[in-house]
Each structure stands twice: as structure tokens, then as C-alpha cells.
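Below is one structure, written out as C-alpha cells; comments come after it.
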Amino acid sequence: MTTSSRSDAYPVCRGVRGATTIEENTPEAILKGTRELLALMIRFNDIDPNDVASAIFTTTTDLDAEFPAVAARQLNWFDVALMCGHELDVPGSLRKCIRILLHWNTTKNAQEIRHVYIKGASKLRPERSCLPPVDWDELEAWIQSQINPKVKSNR
């Protein structure tokens, strides 16, 4: 029997990480920043929401105007377990930062996963920040085409 880092026959659960920063603590900024990050994670990894087991969204303690998981619900992630929390408030750490950890069932091996660190969060993991160019207008148009207008905040 041979071992492989890839499971062609059976998916395994892998973690996909991402982080971004936003300019202000408003519901609109938190949702927009989270949607952008999530959309890039989906696109760079070819993620089907049906294969996502769960997602953890965290913010730094200076972001509390909205639950970032609402952004995933806006993108119709109704059958994915979502949870929000705050990062540790470590002195001198990056501020206004949103992080996502997806637990994704995939046949990709760990080296094929594209973790996404954008905007000010790129300094958290410089080795993970080298991404293809992003057409932000096209990305926003795709996001807007996906948004479910019936999703409202639970606050």
C-alpha cells in the first residue's frame, strides 16, 4: 500500500485561510470586506459551498458593527455552519482585520490550497500574499450578482 498527500478517491477536510483589513467599523465596510475576501477564497480554490463543512470568521476587537458571517449568508451559504468571534487583542497587532477559516472537503492536497491575504493583512503572511492580479470592479460585479437581498443582520 502506498501513501499519497492527495486523496483522488475520497475528499478530506482541509483548512483554507484568509485575511483582509477594512477602513472603518461600519456594517457596510465589514460586509463588503468579508464578501471580497470570501469571493477571492472561493475563486482561487474553486470552492463549491456544498463542500464547505464550516467557517469561522474573526475580527479584531475594534470591529464590532456587524457579524462578518452575514456576508456568507448574503452569498447564499445557508447550509454551512458559521461562527464569529474576536481575535486576541495582542498589543501592537494589526487593527481592523477580518479573518476567515474555511473547513473544506476537497481532493486537493495541502500544497494546492490558495490562502488569501489581501490589503493590510498581506503583511501577516507575506509568503501567502503573492496572488494573481484582481479586477476589483469585476469581483464586485460578481459579488453583487450573487447577493441574496432577503438576508438581513441578526443584530
Side-chain angles (χ1 to χ4, degrees), residues 11-108 110 112-126 128-129 131-132 134-155:
V12 295
C13 190
R14 302 247 184 238
V16 184
R17 286 289 319 266
T20 188
T21 54
I22 60 174
E23 295 296 319
E24 56 188 358
N25 181 30
T26 64
E28 297 79 16
I30 291 170
L31 294 175
K32 184 176 192 286
T34 305
R35 286 190 307 256
E36 286 175 348
L37 178 59
L38 188 56
L40 289 172
M41 293 170 73
I42 291 167
R43 287 174 155 208
F44 288 142
N45 290 289
D46 297 318
I47 294 173
D48 180 340
N50 293 313
D51 296 329
V52 177
S54 63
I56 299 171
F57 299 81
T58 65
T59 63
T60 47
T61 56
D62 54 351
L63 296 177
D64 61 3
E66 182 57 274
F67 297 104
V70 171
R73 297 282 186 239
Q74 289 177 326
L75 296 177
N76 297 297
W77 284 34
F78 298 114
D79 297 320
V80 177
L82 307 176
M83 188 164 83
C84 296
H86 277 306
E87 289 288 327
L88 291 175
D89 195 13
V90 176
S93 63
L94 184 64
R95 309 311 301 159
K96 292 189 173 62
C97 185
I98 300 167
R99 293 174 174 90
I100 302 174
L101 171 60
L102 300 178
H103 300 106
W104 174 42
N105 297 305
T106 181
T107 56
K108 290 186 179 187
E112 293 175 293
I113 303 296
R114 301 287 304 264
H115 304 279
V116 179
Y117 290 80
I118 57 173
K119 301 185 179 177
S122 62
K123 69 181 183 180
L124 293 172
R125 296 292 302 268
R128 302 275 190 195
S129 304
L131 300 170
V134 174
D135 180 336
W136 294 100
D137 292 332
E138 186 277 330
L139 183 71
E140 185 60 28
W142 180 85
I143 290 168
Q144 291 303 314
S145 76
Q146 303 298 309
I147 288 183
N148 184 331
K150 295 179 183 176
V151 175
K152 304 293 181 206
S153 175
N154 293 329
R155 13 178 213 113

(message) Under a 3.5 Å distance rule, please check whether Thr60 uses its side chain to pair with a backbone N or O of Cys97 as donor and acceptor.
(response) yes

(request) Determine which pairs satisfy side chain to side chain donor-acceptor pair (under 3.5 Å) with at least one residue from residues 37-53, sequence neighbours left out, and list them in order. (result) Arg43-Glu138, Asp48-Asn50

(request) Can you see which heavy atom on Cys13 is nearest to which on His103, and at what distance? (result) SG-CB, 3.7 Å

(message) Checking Lys119 now: which residues fulfil salt bridge (Lys or Arg N to Asp or Glu O under 4.0 Å) with it, not counting sequence neighbours?
(response) Glu36

(request) For Thr59 and His86, test the side chains for any donor-to-acceptor distance below 3.5 angstrom and give the result as yes or no. (result) yes

(message) Quick check for you: to the nearest 0.5 Å, what is the distance between Asn148 atom CG and Gln74 atom CD?
(response) 8.5 Å

(message) Just verifying a value: how many Å separate Leu31 CG and Ser153 OG, rounded to the nearest 0.5 Å?
(response) 7.5 Å

(message) Please check this pair: side chain of Lys108 against backbone of Asn105, looking for a donor-acceptor N/O pair closer than 3.5 Å.
(response) no

(request) Could you tell me which non-hydrogen atom of Asp62 sits nearest to which non-hydrogen atom of Lys96, and how far apart they are? (result) OD2-N, 3.0 Å

(message) If you compare all heavy atoms of Arg35 against all heavy atoms of Ile147, which two are closest, and at what distance to 0.1 Å?
(response) NE-CD1, 3.7 Å

(request) Find the distance between CD1 (Ile118) and OG1 (Thr20) and round it off to the nearest 0.5 Å. (result) 3.5 Å

(request) Nearest 0.5 Å please: distance from the CG atom of Leu40 over to the CD1 atom of Ile100. (result) 9.5 Å

(request) Say whether Arg95 and Thr61, considering side chains only, have a donor N or O and an acceptor N or O under 3.5 Å apart. (result) yes

(request) Mind listing the closest non-hydrogen atom pair of Val116 and Leu37 along with its distance? (result) O-CD1, 3.6 Å

(request) Search all heavy atoms of Ile30 against all heavy atoms of Asp64 and return the closest pair with its distance. (result) CD1-N, 4.4 Å

(message) On a heavy-atom basis, which atom in Val80 and which in Ser54 lie closest, and how many Å separate them?
(response) CG1-CA, 3.9 Å

(request) Can you measure from CE (Met41) to NE2 (His115) and round to the nearest 0.5 angstrom? (result) 8.5 Å

(request) Not counting sequence neighbours, which residues clear side-chain hydrogen bond (donor to acceptor under 3.5 Å, both in side chains) with Glu87? List them please. (result) Thr58

(message) Tell me every residue that passes side-chain contact (heavy atoms from CB on, under 4.5 Å) with Asp137, counting only those two or more places apart in sequence or in another chain.
(response) Asp135

(request) Identify, with sequence neighbours excluded, every residue that meets side-chain contact (heavy atoms from CB on, under 4.5 Å) alongside Ala72. (result) Leu38, Phe57, Trp77, Leu82

(request) Return the set of residues passing side-chain contact (heavy atoms from CB on, under 4.5 Å) with Ala141 (not counting sequence neighbours), or none when no residue passes. (result) none

(message) Distance check, rounded to the nearest 0.5 Å: Lys32 atom NZ versus Glu66 atom CD?
(response) 16.0 Å

